[in-house]
Amino acid sequence: MHSSAQLKEIRQYYQQQLVSQLGTAVVVLNNRLEIKYLNPSAEATFNKSLNRLLDKPFVESFVYCSLDVERLAQVVRTGQDFTDSDVILESIDNSRISLEVSASVILIEGKTRVLLECKQIDKQKQINTEMFQEQQWQAARDLIRGLAHEIKNPLGGLRGAAQLLDRELTTEQKEFTSLIIEQADRLTNLVDRLLGPNQLPKLAPMNIHEVLETVYQVKKFDNAKGIRFIRDYDPSIPEIDIDSEKLQQTLLNIVGNAIQVLDENGQIVLKTRIATNQTINGEKVKLAIKISIIDNGPGIPASLQDKIFYPMVSGRANGTGLGLSIAQTLVHQHHGKLACHSYPGRTEFSIVLPLPKRPNQ
């Protein structure tokens with residue numbers, strides 16, 4: 001039999017050894033929610049060393065942290081554990097991670113400490129979100145196609161009847177048939193816009209930066225607010241098969257939306273990078289081009305972020321809710337994906353387009 005002292009020593013030894021070997025990121029905070037310890041996994045997850053973060057408030061150690069400070073403080077006061085399954089952290093280099101965080105109270109040498117166990121969930125969350133959004137977007141498209149058929153047929157009959165009636169009426173009475181024809185045409189145009197572009201893209205090899213430069217020049221001269229544009233291009237990106245007109249339409253729409261919500265201190269970044277190991281609409285892609293449009297505006301309300309690509313959904317009082325839906329369709333026609341991440345002070349729309357596989361891939 002082992003003595004109590006021996007068992008205590010064994011426990012302490014393995015606890016100390018295992019914490020440093022765990023794949024789960026472990027963070028220890030004091031009762032002021034300042035960082036007192038990170039295990040190696042936490043340092044790797046946050047891409048910051050204990051030396052840099054020691055004694056700093058956890059939430060303030062990141063450019064953005066969605067973890068509720070009051071909820072953490074409540075753990076200290078009440079000792080009640082909690083788990084947040086969707087915590088977003090963003091660092092100064094704009095790297096963004098999603099975590100599942102469990103918080104609990106522990107005692108170390110008689111002092112109250114908060115233990116955070118952080119599990120990174122980026123990949124699975126991204127795949128699940130994209131699959132859900134794709135299904136919802138496709139369902140909305142199918143619904144609109146069905147409604148369009150049911151609306152356009154009677155509209156055509158209504159317009160035709162008004163034209164026939166117009167021949168039998170006096171000049172004064174024709175005012176009413178003209179109104180019927182005008183409104184029927186307006187509704188037909190609205191339905192056509194809801195359906196989005198019906199022509200497949202005409203693909204041709206092109207440098208993506210030529211499209212971005214055109215967008216930059218157009219919006220540079222349509223810039224009454226004096227918004228600052230920053231171009232951050234990766235010159236190593238090769239040519240890719242695109243429909244420059246359709247892609248330009250997509251980018252102009254996104255940049256135009258950003259300009260509308262920004263004030264005179266606004267800034268828009270046009271950024272390109274090579275992205276590796278991407279998942280696009282459920283398929284794994286080794287190499288892709290990522291185009292980012294980033295602004296420092298007020299952000300998109302969280303309640304709208306999962307819906308902004310649906311038809312008739314808009315965050316502006318005077319918005320039609322069609323621009324981003326059409327942009328999503330155009331990107332899909334390029335076998336790419338359009339995504340958005342937003343919080344107050346930063347909104348990023350990203351377009352990821354797959355690069356063609358090389359012969360040896």
Side-chain angles (χ1 to χ4, degrees), residues 15 18-76 78-106 108 112-133 275-279 290 292 294 299-303 305-306 337 339-348 350 352:
Q15 285 170 355
L18 286 173
V19 168
S20 63
Q21 301 299 321
L22 284 174
T24 301
V26 173
V27 184
V28 177
L29 311 178
N30 62 14
N31 57 6
R32 294 188 299 276
L33 306 181
E34 298 165 339
I35 296 171
K36 304 306 293 184
Y37 174 72
L38 303 174
N39 73 341
S41 291
E43 292 180 309
T45 298
F46 304 144
N47 197 26
K48 293 182 179 181
S49 67
L50 177 60
N51 185 47
R52 288 179 60 190
L53 296 181
L54 187 63
D55 293 328
K56 291 185 178 179
F58 178 78
V59 172
E60 296 175 17
S61 299
F62 306 91
V63 172
Y64 175 74
C65 175
S66 66
L67 195 61
D68 189 347
V69 177
E70 178 54 34
R71 204 173 179 190
L72 280 176
Q74 191 174 5
V75 173
V76 178
T78 66
Q80 186 174 355
D81 303 353
F82 78 86
T83 297
D84 190 331
S85 60
D86 190 12
V87 174
I88 306 297
L89 299 180
E90 186 158 333
S91 299
I92 196 167
D93 62 354
N94 294 328
S95 60
R96 177 189 180 95
I97 57 174
S98 301
L99 302 169
E100 179 181 272
V101 177
S102 296
S104 56
V105 167
I106 58 173
I108 298 179
T112 299
R113 296 288 184 257
V114 178
L115 177 69
L116 301 182
E117 298 173 76
C118 309
K119 180 182 177 183
Q120 200 162 349
I121 56 172
D122 295 77
K123 283 294 181 184
Q124 191 57 49
K125 179 188 174 186
Q126 179 187 354
I127 292 170
N128 291 342
T129 300
E130 286 178 4
M131 288 179 64
F132 175 75
Q133 289 180 342
T276 59
N277 299 320
Q278 298 292 302
T279 302
K290 183 178 181 181
S292 299
I294 306 164
I300 299 169
S303 60
Q305 289 189 30
D306 290 336
K337 72 175 179 181
C340 174
H341 297 293
S342 180
Y343 58 84
R346 190 175 193 275
T347 296
E348 177 179 354
S350 59
V352 181

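Just so we're clear, the structure is a prediction, and the values are computed from it rather than from any experiment.
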| query | Under 6.0 Å from the NZ atom of Lys119, do we count more than 12 heavy atoms belonging to anything else shown? | reply | no
| field | Residue of the set Leu29, Val114, Asp55, Leu53 for which side chain to side chain contact (heavy atoms under 4.5 Å, CB included) holds with Lys36 | value | Asp55
| query | How many angstroms lie between CG in Leu89 and OG in Ser66, if you round to the nearest 0.5 Å? | reply | 6.5 Å
| field | Within 6.0 angstrom of Asn51 CG, more than 12 heavy atoms from elsewhere | value | no
| message | Under the criterion side-chain hydrogen bond (donor to acceptor under 3.5 Å, both in side chains), I'd like the reasoning laid out for Ser350 against Ser292: C-alpha separation, chi angles, the key distance, then a yes or no. | response | CA-CA 4 Å; Ser350 59; Ser292 299; 5.5 Å; no
| remark: Test side chain to side chain contact (heavy atoms under 4.5 Å, CB included), reference Asn39, set Val26, Val27, Leu50, output is Val26
| request: Run the numbers on Val105 and Leu115 for side-chain contact (heavy atoms from CB on, under 4.5 Å), then give the verdict. | output: CA-CA 6 Å; Val105 167; Leu115 177 69; over 6 Å; no
| said: To the nearest 0.5 Å, what is the distance between SG on Cys118 and CD on Glu100? | reply: 10.0 Å
| message | Within the 4.5 Å heavy-atom criterion, are Leu33 and Val59 side-chain neighbours or not? | response | no
| When you look at Glu90 and Tyr343, which way does the side-chain contact (heavy atoms from CB on, under 4.5 Å) test go after all the steps? | CA-CA 11 Å; Glu90 186 158 333; Tyr343 58 84; 3.1 Å; yes
| task | For residues Pro57 and Ser61, report the shortest heavy-atom separation together with the two atoms involved. | result | O-OG, 2.7 Å
| remark: Only residue of Val101, Ile35, Leu38 satisfying side chain to side chain contact (heavy atoms under 4.5 Å, CB included) with Leu116 is Val101
| note | When every non-hydrogen atom of Ser91 is compared with those of Lys48, the smallest separation belongs to OG-CE, 4.4 Å
| query | What is the ring orientation for Phe46 with Phe62, classed by angle as parallel under 30°, tilted 30 to 60°, or perpendicular over 60°? | reply | perpendicular
| How many angstroms lie between OG in Ser102 and CG in Asp84, if you round to the nearest 0.5 Å? | 9.0 Å
| query | Looking at OG1 of Thr347 and CD1 of Ile300, how far apart are the two atoms once the value is rounded to the nearest 0.5 Å? | reply | 5.0 Å
| request: Test His341 against Arg346 for side-chain contact (heavy atoms from CB on, under 4.5 Å), laying out the working first. | output: CA-CA 8 Å; His341 297 293; Arg346 190 175 193 275; 5.9 Å; no
| request: With rounding to the nearest 0.5 Å, note down the distance linking CG in Asn31 to CZ in Arg113. | output: 7.0 Å
| field | Shortest non-hydrogen contact between Asn47 and Arg52, atoms and distance | value | O-NH1, 4.2 Å
| task | Of all the heavy-atom pairs spanning Thr276 and Gln278, show the shortest one and how long it is. | result | O-NE2, 3.1 Å
| remark: Distance col, row Leu99:CG vs Leu67:CG, nearest 0.5 angstrom, shows 9.0 Å
| message | Counting C-beta onward and ignoring hydrogens, is there a side-chain heavy-atom pair between Glu34 and Phe58 closer than 4.5 Å? | response | no
